[in-house]
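First the proteins, then the strands, lettered A, B, ... as listed; each starts at 1.
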Amino acid sequence: MDFQILDADYEVINDSSPVIRLFGRGEDGKSVCCFVPDFEPYFYLKASGDLNAVARLIEDTFTQVKKVDIVEKFEPIGYQKTKTKMLRVTTHLPREVPEIRDEILKLQEVMRAEGKWEVYETDILFRNRFLIDRDLGGMVWVSAEGEAVDPAKYIRTSSSGSSRCEKFACDASILASGFHKVENLTLAPLKYLSFDIECLPLDGGMPSPEVSPVVMISFSFEPEYKGHKTLVLLAKPVEGLNSDVYPCKDETEMLNRFFEIFCEYDPDIVVGYNHQDFDIPYITDRVKTLVSEGKSINPVVGRDGSKIGYRKFGLITRTEMKGRVVVDALPLVRRAFSLKQYTLRAVSKELLNREKLDVPPLEMEEYWADTGEKFKKFVDYSRRDAELALELILHLKLLDKYIALAQVSGSLLQEIVDGGQTSMIETLLLREFGLRDRVLLPKPDDGVSAERYEMSSDLKGGEVLEPQKGLLENVLILDYKSLYPTIMMAHNLCYTTVVTGDRPEEVTIKPPSGGEFVPPDVYKGIVPSILEDLLSRRTQTKKRMRKTSNENEYRVLDATQLALKSLLNSFYGYSGYARARLYSLTLANAVTSFGRSNILNTREIINSTIGKIILRNKTALLLDEAGELSPQDRVVELSVAYGDTDSVFVHCKSREDLSLEEISLIGNRLSNIVSASLPDPMELEFESIAKRALLIAKKRYALWLFEPRNSGWEDKIKVKGMETVRRDWCELTSVTLNKVLELVLIEGNVDQAVNYVREVVSKVRNLDPAKDSDIIESLVLTRTLTKKTESYKNKQPHLTVVENLKKRTGVVPSIGTRIPFVIIAGKGLFVDRAEDPDYVRENNIPIDVDYYIKKQILPPVERILEVFGVKISSLDFDSKQKGLFDFEAKKPEVKKQEKPSSEKESKVKAQEQNLCKENGHAAQSSLFDF
DNA sequence: TTTATTGCCTAA
DNA sequence: TAAGTTAGGCAATAAA
């Protein structure tokens, strides 16, 4: 039987031996639980003295220990000439590994042994240990042979005495006699269920599960459930409703129906919007309250019959549903898109172009009590929320990336959806370390992490070149493909190659930052090997993408290559991460120091070694190659105008106008020359051409870019770091600035830009709150609440709003929420005049027009226009609307330019759209774009 | 008034 | 059982 692994865990049978359970969905559509016996928990101990004696002592001392073997392993960090003898300790039960790991170290005193004993791989979850050792992983397809079994045999009866197998939800259970991984590019027919609960608020504030009942629960299904796309359960009997509304006698009956339908549908993916932090804990606590009042509810959600529940770790809530994957759309949308707000309403509008229906919290009780239209509205509102959550996941294909990451890294989907890059990297490292006979360290404790965190101040990052500020024409953009991973591969940089003890005979690799690494022929580093594997798989995947005509396959392959890229880029960060199992400042510093010297070298080569390029007969020649110059030759002077970490902007100066083709010749030539000087697989790539580039400051610039697209050129404006792409500025600022950039960069028309700004300013100054509600909308600022309100040292505008909100409704936004606000008219500090936009609208509070003009519109615009000699003396400028601008157009430096000939296909009209699109997507860590 | 610090968000 | 990294600009408040 073939199935895709969704989840894995283990169960202990007869208190004596663990059985692994793999949960999955078969290609036939059946949900499967596959039991795998005979996998044993173990860990490693590096001891000193007579190892046989230690082994016997351990076996005698600990009843938990099943056996102790002597093995030869490399230690985790540093180049070693030989392996070390260690003990591999096998226990009967998985939980016994952490139980005895500290005790076992105490035997060192009993043995009076020298040196320091260490334990390794003592904190690997048993299910992960299994997946790693058997070369399986999340969302991987397996083919299992074996007999159908009664799950009851493999399920421990719960403490209450009732057997969970009564509620065992899988269509098929098998006892595996053998299994193997199979290659399959399709996705099992997964079942998605999304749900959303409604409870009546307390005085318009947050409801509490101790007192506020759940009155409605909505489902959305994909595929349908018994012909229903959606279903709404009601906690009261109501007559005459549609068939997809299900009235219940009371809340208890509704909750029971909820769990019954849930298990009957048997979803693989359980979706919601913020359900991880709200709906699931709420239902859990509400059920507890009702049961304590004597109601009978059986809240089963797990495939093994386990009940709904949640755990809090600090600020983070985690829920688990055995055999399924809980996917909260909110954090996924947050990670995938850079938006000003992440309320379901804002997100649906922005990303799905769908409106959320709304019921005002204060009137919910009234809507619920109503029997007519209002009640229907309430039902539809609830239903819509469940629909939207599911649509976000499905329409935006938010899970594709995570599924691919699970397959490529080997971690379970739930871990990847919940967590960061750590679990994926560690899974990859554990597997490869195992294959290379090397043990891995446990996670550091808080003390060690804190120490490391202090040390991390010695980690230097990338080099940012001082930009040649102002407007430049004809700028080539080159960048290093996947800079950091290629540096690690090129120089064999790894935890396992750094010289810490043993010295090789051979010459070592010495990074600019110090330290020494052995060359690959002495010992090929494990991380470079992993990176090479990921890189070659990525190349393969891209090749297959070009071949396939199957749309689904293409989609899977694309997600796979993106996942591979993302993993490639994660290793450097991990090496400097204080809580990593492997932490090496020497390694991390080696990587960045090679990067810095690299970009500085590149600048030197281009500025000095090359200096000038001669264009002759459609070729780009170096000065020596060109020999004697003829009048037809074009001399292009090169200078690096800017660069950040892995990119170089090269200004091409020439007496004549240069065509895009000519600039491309130069770009390709530069890329070839520099790449040839680099060790494999490092490569400097010719990325694009900026016809005009406006460099304002480090990490702040705008480019009018031309990129080759099916035999023509496509142009667009790319803005980095400026206020148009920053979410802590209002929309009016970004719209105005975008327009100014467009006029200046494309049209070369400074006058028009100035006029445009004047119009905007006058519009704001003469704002009529009654009429211009849309303008007020565009004055809303947002800022993230990044910590507990009491931890702030200074006043902050969004804090003011949070305080106000708390006073008015009692609702406190949680950490991570983006708080919208506007600045209202009045005296005193700006922070004190921040106010909730809704409140301002409802109460017709006047806006601080002056603030918006002087602090939001003018400064960013000024930074751009001053490049062209436009001065805006903001002091002169007041409501009289005179002398707004001290406008001295020094030089109409930018002449309205003929469009380059080959650029017929380009659509300047699309500029604004391009800008919007650019802004809509989250900045990916694209250091190393292949 | 000037300067230092805090906070946010972005580039890579 | 929380969390990949540093470099950098800019605005506001707080301190000098």
S.K.: Rounded to whole angstrom units, what separation is found between the CG atom of A/L587 and the P atom of C/dG4?
M.R.: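 Rounded to the whole Å, the gap is 17 Å.
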S.K.: Using atom CD of A/E687 as one end and atom C1' of B/dA12 as the other, report the distance to the nearest whole Å.
M.R.: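 To the nearest whole Å, that distance equals 13 Å.
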S.K.: If you check the A/K699 side chain, which of C/dA12, C/dA7, C/dA11 turns out closest?
M.R.: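 It is C/dA7.
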S.K.: So, applying side chain to side chain contact (heavy atoms under 4.5 Å, CB included) with A/Y480, which one of A/T602, A/T645, A/T486 is it?
M.R.: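 It is A/T602; the other options fail the test.
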S.K.: So, applying side chain to side chain contact (heavy atoms under 4.5 Å, CB included) with A/Y484, which one of A/D646, A/T592, A/N569, A/L531 is it?
M.R.: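 Exactly one pass, corresponding to A/T592.
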S.K.: For the helix from B/dT1-C/dA16 to B/dA12-C/dT5, figure out the bend between the end axes, five pairs an end, and round to 10 degrees.
M.R.: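 Comparing the axis at each end, I get an angle of 20°.
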S.K.: Any salt bridge between A/E350 and A/K340, counting N to O under 4.0 Å?
M.R.: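 The answer is no: the pair does not qualify as a salt bridge.
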S.K.: Within the 4.0 Å heavy-atom criterion, would you say A/Y642 contacts the bases, only the backbone, or no part of the nucleic acid?
M.R.: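 Nothing: the residue A/Y642, judged by heavy atoms under 4.0 Å, touches no strand.
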S.K.: Within the side chain of A/Y852, is there an N or O that forms a donor-acceptor pair under 3.5 Å with the backbone of A/L779?
M.R.: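 Yes: the side chain of A/Y852 pairs with the backbone of A/L779.
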S.K.: Could you tell me how far apart A/Y572 (OH) and C/dT6 (P) are, to the nearest whole angstrom?
M.R.: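 About 6 Å, once rounded to whole Å.
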S.K.: Only pairs at least two apart or in different chains count here, so list each salt bridge (charged side-chain N to carboxylate O under 4.0 Å, His left out) that has a residue in residues 815-826 of chain A.
M.R.: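 Residue pairs with at least one partner in residues 815-826 of chain A: there are none.
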S.K.: Any salt bridge (charged side-chain N to carboxylate O under 4.0 Å, His left out) pairs touching residues 789-802 of chain A, not counting sequence neighbours?
M.R.: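 Applying salt bridge (charged side-chain N to carboxylate O under 4.0 Å, His left out) to every pair that reaches into residues 789-802 of chain A, excluding sequence neighbours, yields A/K795-A/D832.
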S.K.: Listing time: all N or O pairs from protein to nucleotides 1-3 of chain C that are below 3.5 Å?
M.R.:
from  : atom 1 : to     : atom 2 : distance (Å)
C/dT1 : O4     : A/R311 : NH1    : 3.4
C/dT1 : O4     : A/R311 : NH2    : 3.1
C/dA3 : N6     : A/R579 : NH1    : 2.2

S.K.: Within the 4.0 Å heavy-atom criterion, would you say A/S456 contacts the bases, only the backbone, or no part of the nucleic acid?
M.R.: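 The answer is sugar-phosphate, as A/S456 gets under 4.0 Å only of primed atoms, P, OP1 or OP2.
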S.K.: Are side-chain heavy atoms of A/L703 and A/I477 found at a separation under 4.5 Å?
M.R.: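 Yes; the side chains approach each other to less than 4.5 Å.
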S.K.: For A/G576 and A/E463, take the nucleotide of DNA chain C holding the closest heavy atom to each; which residue's nucleotide lies nearer the 5' end?
M.R.: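 Whichever sits nearer the 5' end wins; that is A/G576.
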S.K.: Categorize A/Y851 for me: base, sugar-phosphate, or nothing, with a 4.0 angstrom heavy-atom threshold over every strand shown.
M.R.: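 Sugar-phosphate contact only.
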S.K.: Between protein and nucleic acid, restricted to nucleotides 6-9 of chain B and to nitrogen or oxygen atoms under 3.5 Å apart, what atom pairs and distances do you find?
M.R.:
from  : atom 1 : to     : atom 2 : distance (Å)
B/dT6 : OP1    : A/K793 : NZ     : 3.3
B/dT6 : O4'    : A/N794 : ND2    : 3.3
B/dG7 : OP1    : A/K793 : N      : 2.8
B/dG7 : OP2    : A/K787 : NZ     : 2.9
B/dC8 : OP1    : A/T784 : O      : 3.4
B/dC8 : OP1    : A/T786 : OG1    : 3.3
B/dC8 : OP1    : A/Y792 : OH     : 2.6
B/dC8 : OP1    : A/H798 : NE2    : 2.9
B/dC8 : OP2    : A/T786 : OG1    : 2.4
B/dC8 : O2     : A/R726 : NH2    : 3.4
B/dC9 : OP1    : A/T784 : N      : 2.9
B/dC9 : OP1    : A/T784 : OG1    : 3.0
B/dC9 : OP1    : A/R818 : NH1    : 3.1
B/dC9 : OP1    : A/R818 : NH2    : 3.3
B/dC9 : OP2    : A/T784 : OG1    : 3.1
B/dC9 : O4'    : A/R726 : NH2    : 3.1
B/dC9 : O2     : A/R726 : NH1    : 3.2

S.K.: For the pair A/K322 (side chain) and A/K307 (backbone), establish whether a donor and an acceptor sit closer than 3.5 Å, ignoring hydrogens and angles.
M.R.: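 Judged by distance alone, no pair lies under 3.5 Å.
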S.K.: From CG of A/L695 over to P of C/dG8, roughly how many Å is that when rounded to an integer?
M.R.: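 After rounding, the reported distance stands at 16 Å.
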S.K.: Would you say the side chains of A/S409 and A/T427 form a donor-acceptor pair under 3.5 Å?
M.R.: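 Their side chains do not contain a donor-acceptor pair, so the 3.5 Å distance test is not met.
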S.K.: Could you tell me the separation between the CG atom of A/L459 and the P atom of C/dG4, rounded to a whole number of Å?
M.R.: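 So the CG-P distance, A/L459 to C/dG4, works out to 15 Å.
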S.K.: Salt bridge check, A/R311 against A/E320: does any charged N sit closer than 4.0 Å to a carboxylate O?
M.R.: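 Looking at A/R311 together with A/E320, the answer is no, because their closest N to O distance does not fall below 4.0 Å.
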S.K.: Whole angstroms only, please: what is the CZ-C1' distance between A/R863 and C/dG9?
M.R.: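 Result: 8 Å.
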S.K.: Does a side-chain N or O of A/K720 approach OP1 or OP2 of B/dA12 to a distance below 4.0 Å, or not?
M.R.: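 Looking at the OP1 and OP2 atoms of B/dA12, one of them is under 4.0 Å from a side-chain N or O of A/K720.
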S.K.: To the nearest angstrom, how far is A/N589 atom CG from C/dT5 atom C1'?
M.R.: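 About 11 Å, once rounded to whole Å.
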S.K.: Below 4.0 angstrom from OP1 or OP2 of C/dA12, is there any side-chain N or O of A/K855?
M.R.: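 The answer is yes; a side-chain N or O of A/K855 sits under 4.0 Å from OP1 or OP2.
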S.K.: State which of C/dG9, B/dA12, C/dA14 makes the closest approach to the side chain of A/K795.
M.R.: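 It is C/dA14.
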S.K.: Hey, can you tell me if A/Y574 and A/Y495 have their rings parallel, tilted or perpendicular (30° and 60° cut-offs)?
M.R.: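 If you compare the ring of A/Y574 with that of A/Y495, the planes turn out perpendicular.
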S.K.: Show me the pairs that pass salt bridge (charged side-chain N to carboxylate O under 4.0 Å, His left out) and involve residues 575-587 of chain A, at least two apart or across chains.
M.R.: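 Listed by first then second residue: A/D123-A/R581, A/E426-A/R581, A/D446-A/R579.
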S.K.: Counting any heavy atom closer than 4.0 Å, what does A/G573 reach on the DNA or RNA strands: base, sugar-phosphate only, or nothing?
M.R.: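 Contact class for A/G573: base.
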S.K.: Without decimals, in angstroms, what is the distance between A/N569 CG and B/dA11 C1'?
M.R.: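 Checked: the CG to C1' distance equals 14 Å.
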